[in-house]
Amino acid sequence: MKYADVIVDISLEALDRSFQYIIPERLEGQVTVGSLVIVPFGKGNRQVKGYVTGISEETDYSPDKLKEISGLQEGSMMVESQMIRLADWMHKVYGCTRAQALKTVLNVKRRIRGGTKKVYELALSREEAIKEMQRLALQPRFASRAAILAVMLDEKDHGWISESDIKKKVPSAENALKTLLKHGWIRVKEASDYRTPYADLTDDRKILLNDAQRHAVDSILNDERSVHLLFGVTGSGKTEVYMELMDACVKSGKQAILLIPEISLTYQNIARFRRRFGSRVSVMNSRMSEGERYDQYIRAKNGDIDIIIGPRSALFAPFSNLGMIIIDEEHDTAYKSDVTPKYHAVDVAIYRMSMSKGKVVLGSATPSVVTYDRAVRGIYGLHRLPKRAAGNSEMARTKIVDLREELKQKNYSVFSRALQEEIEKRLDNKEQTLLFLNRRGYAGFISCRSCGYVIECPHCDVSMTLHKSEGNILKCHYCGQKAPMPDVCPECGSRYIGTFGMGTEKVVEMLKKRFPSARIMRADRDTLSRKNSHLEVFGAFAEGKADILVGTQMIVKGHDFPNVTLVGILAADMSMFSGDYLSGERTFQLLTQAAGRAGRGSKPGLAVIQTYQPEHYAVTCAAAQDYESFYKREIVYRKMMKYPPKGSLMAVIMEHEDKIKVEEAAKILSEMMKSEDVQVLPPADGFRAKEKDRYRKIIYIKGTNVNGLIACREKAQQVMREDTFFDKINVQFDINPMNLY
Ligand code: ADP
Ligand code: ZN
Ligand code: ZN
């Protein structure tokens, strides 16, 4: 006998609770995961529709208590069916529960109690609304009315907001809303004519594709392989190729999804898509409320839009006739989910398109070694755009500076002599400089010069970082713990307690000393935590309001500052010491992308790379902008170590407050996961042995392919289910991890 797990509606609550039904003999073989079935439901055995989310040979109930599936809905390859199959695949590959997978892929709605959904928009012009808000804000009894106006003004991308979202943001909105309506300051909006941002932009400049772009478009469309790599240097016109492909896809009656890193969703980029596709395109971002996101999905499902552009989760847009998924900057680690299920967008996209027989296009100037390897082996199509598209813009020159040599010459500053000279020139010529350092805060760590004591977070096994501009406090970058900076060593009482290493704050301080007349801005997680502030900082810098922008990786990606002619990478080595198998790849990508920021306009650019390892191939290949050579060196290492793509890797992460327990768990699991197919490395402390008061152990497992690792994980999960010892121990599995655990 076979049994089917059935969900009878797609709401958040329902996904945790599927019902088991018997598959009658006449339907055996026909009912599969994703099938739309008719089942008797509830006391009255009402006939309702449901989706099959899983099939098993066993049941936890006594079979005579189970009801039978009544029938199968024909032609049921609806989009939900596909998404449920996708969830089933994710459940098997990533090892999460079915409910977790379903929640990730289905666009579920929380039940909203009572009433239909109301949406409001401003009836006043922006200026009028701002004036009203300021007037109301002066009187405490009108505070909630002012707050509502403020919220609506803040939603400037949309011009509208739902009642439930207003109430979430302004708890006292209930009565105030009525007054605002009565005064005619806001009005109710029909959900069907939601305005999309910048929908009124029209196509005012048509770009003709160059030969390389044209060739890429044609060969992607005509090649029967389903996955393609568009390997184009920064500024080579990949986005134009994406738009042409999406256009072709839509013209053939299908829909398209474009994933781009959130940071690239700049006004200019959104405007480009709007001009081309008008209101048939919808842009998602992570600031959107659940309600807004749900509305977008409904529009996709109803066929009101053809294209969705957004970050990772846009992958699950419920288009019923999806023809293409394009993933820009496919190497970006943001495409790997850091919560369960720990899926990679590229793998999920490939599976989704294998179901709907469409294409996946991966674009990058610095593809991941895994993707490039498949492309050179012919598994994926490979299409190159070797030159920048805009005629007058050339690739930046690069210069490697050996920091050991600087020390020998008694230059103890963070800025090498060459870099100082170049910054000076930029200031004279009124050109801009980007300075990149992979660490925020003031200094790397605090230590006593007398006894060597290092101040660590009491909850995590990491050193605290000094943040001078936030009132001289120490912060833990993992748990957020704060502490005052001590005057004397807590261990030996010595006054010689000092800061070591360098963060972005200190770079700004040193810059101010060295270049007193320069206007300097900083962009990192500390300065950009407010909602829209990254647009503000980058906007101001683009307008020339500063000469130098200092920041962490967020300044490296995607931005197009035409007046930047110098990029300085202060410490290229920092990402090389991160210790995981991806560190070489990450260093190469970072340096290449950073160099790509210099000279995007008509003026020639220069990238200065400061390093203690000037001979490391990740540095020399990036300086030469030579991906091929980098790949050739890197793939030898991956082969030797059996790392992806020449093998597969799984991280098993265990956490518990009790150190002994987590050690015991690691011992048990590593013993029982051993097999001929895989190599189980001894349990290690990982990157930090303790985080937020929980002790951690990591086991890495290498296998020739993912299937061996999945089998290994299933064995472990079996043991965990049967042994109550594991009840309270948090165990996570990550296949081909991109995080450092
Ligand atoms: P990428 O996505 O590869 O970084 P973009 O598509 O953003 O490149 O293009 C970089 C710049 O070149 C943009 O300003 C774009 O308008 C311009 N561009 C792209 N294709 C062409 C073309 N065929 N002719 C002229 N300019 C182009
Ligand atoms: Zn001391
Ligand atoms: Zn901490």
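All ligand and atom numbering here is 1-based and tracks the order in the structure.
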Open item on the list: Between E330 and S368 (side chain of the first, backbone of the second, donor and acceptor by atom type, cut-off under 3.5 Å), is there such a pair?
Closed with: yes
Task: From the candidates G235, A212, P562, the one that places a heavy atom nearest atom 11 (C) of ligand 1 - done: G235
Task: Whether R272 lies under 4.0 Å from ligand 1, heavy atom - done: yes
- [ ] In plain terms, say whether E505 and K468 are close enough for a salt bridge, that is, a side-chain N and a carboxylate O under 4.0 Å apart.
- [x] no
Open item on the list: Within rounding of 10°, what is the angle whose vertex is the Zn ion (ligand 2) and whose arms end at SG of C451 and SG of C492?
Closed with: 110°
Open item on the list: Less than 4.5 Å apart, side chain to side chain, heavy atoms only: is that true for N563 and F561?
Closed with: no
Open item on the list: Need the ligand 1 atom indices (1-based, order shown) with element for anything under 4.0 Å from a heavy-atom of E240.
Closed with: 6 (O), 19 (C), 20 (N)
Task: Which of the ligand 1 atoms, numbered from 1, are nearer than 4.0 Å to a heavy atom of G237 - done: 1 (P), 3 (O), 5 (P), 6 (O), 8 (O), 9 (O), 19 (C)
TODO: Could you walk me through whether H383 and H228 pass ring-ring contact (aromatic ring centres under 6.0 Å, His included), step by step?
DONE: CA-CA 8 Å; H383 316 270; H228 295 269; 5.0 Å; yes
Open item on the list: Between H459 and the Zn ion (ligand 3), is there a contact where an N/O/S atom of the residue lies under 2.8 Å from the metal?
Closed with: no
Open item on the list: Within the 4.0 Å heavy-atom shell around N210, which atoms of ligand 1 are there?
Closed with: 23 (N)
TODO: In sequence, state the C-alpha distance, the side-chain angles, and the governing distance for Y372 and Y627, and then conclude on ring-ring contact (aromatic ring centres under 6.0 Å, His included).
DONE: CA-CA 10 Å; Y372 190 71; Y627 181 89; 4.8 Å; yes
TODO: With heavy atoms under 4.0 Å as the rule, classify the contact between L208 and ligand 1 as side chain, backbone, both or neither.
DONE: backbone
Open item on the list: Below 3.5 Å, N or O to N or O, backbone or side chain included: is there any such pair between L209 and ligand 1?
Closed with: no
- [ ] Could you check if a side-chain atom of V731 sits within less than 4.5 angstrom of a side-chain atom of V652, using non-hydrogen atoms only?
- [x] yes
Task: Short N or O distance, T234 and ligand 1, threshold 3.5 Å exclusive - done: no
TODO: Would you please determine whether G232 falls within less than 4.0 Å of ligand 1 on a heavy-atom basis?
DONE: no
TODO: Would you mind reporting whether M284 and S313 have side-chain heavy atoms less than 4.5 Å apart?
DONE: yes
Open item on the list: Is there a side-chain contact between Q432 and L434 in this structure, where contact means two heavy atoms from C-beta onward sitting under 4.5 Å apart?
Closed with: no
Task: Check ion pair D487-R495 (N to O, under 4.0 angstrom) - done: no
Open item on the list: Can you confirm, on distance only, whether ligand 1 has an N/O atom lying under 3.5 Å from any N/O atom belonging to I207?
Closed with: no
Open item on the list: Quick check: do M464 and Q481 have side-chain heavy atoms less than 4.5 Å from each other?
Closed with: yes
TODO: Using a cut-off of strictly less than 2.8 Å, determine whether H477 has an N/O/S atom near the Zn ion (ligand 3).
DONE: no
Open item on the list: Show me which atoms of ligand 1 lie under 4.0 Å from any heavy atom of A389.
Closed with: 12 (O), 18 (N), 19 (C), 20 (N), 21 (C), 27 (C)
Open item on the list: Going by the closest heavy atom to atom 1 (P) of ligand 1, which one wins out of R214, K238, R388?
Closed with: K238
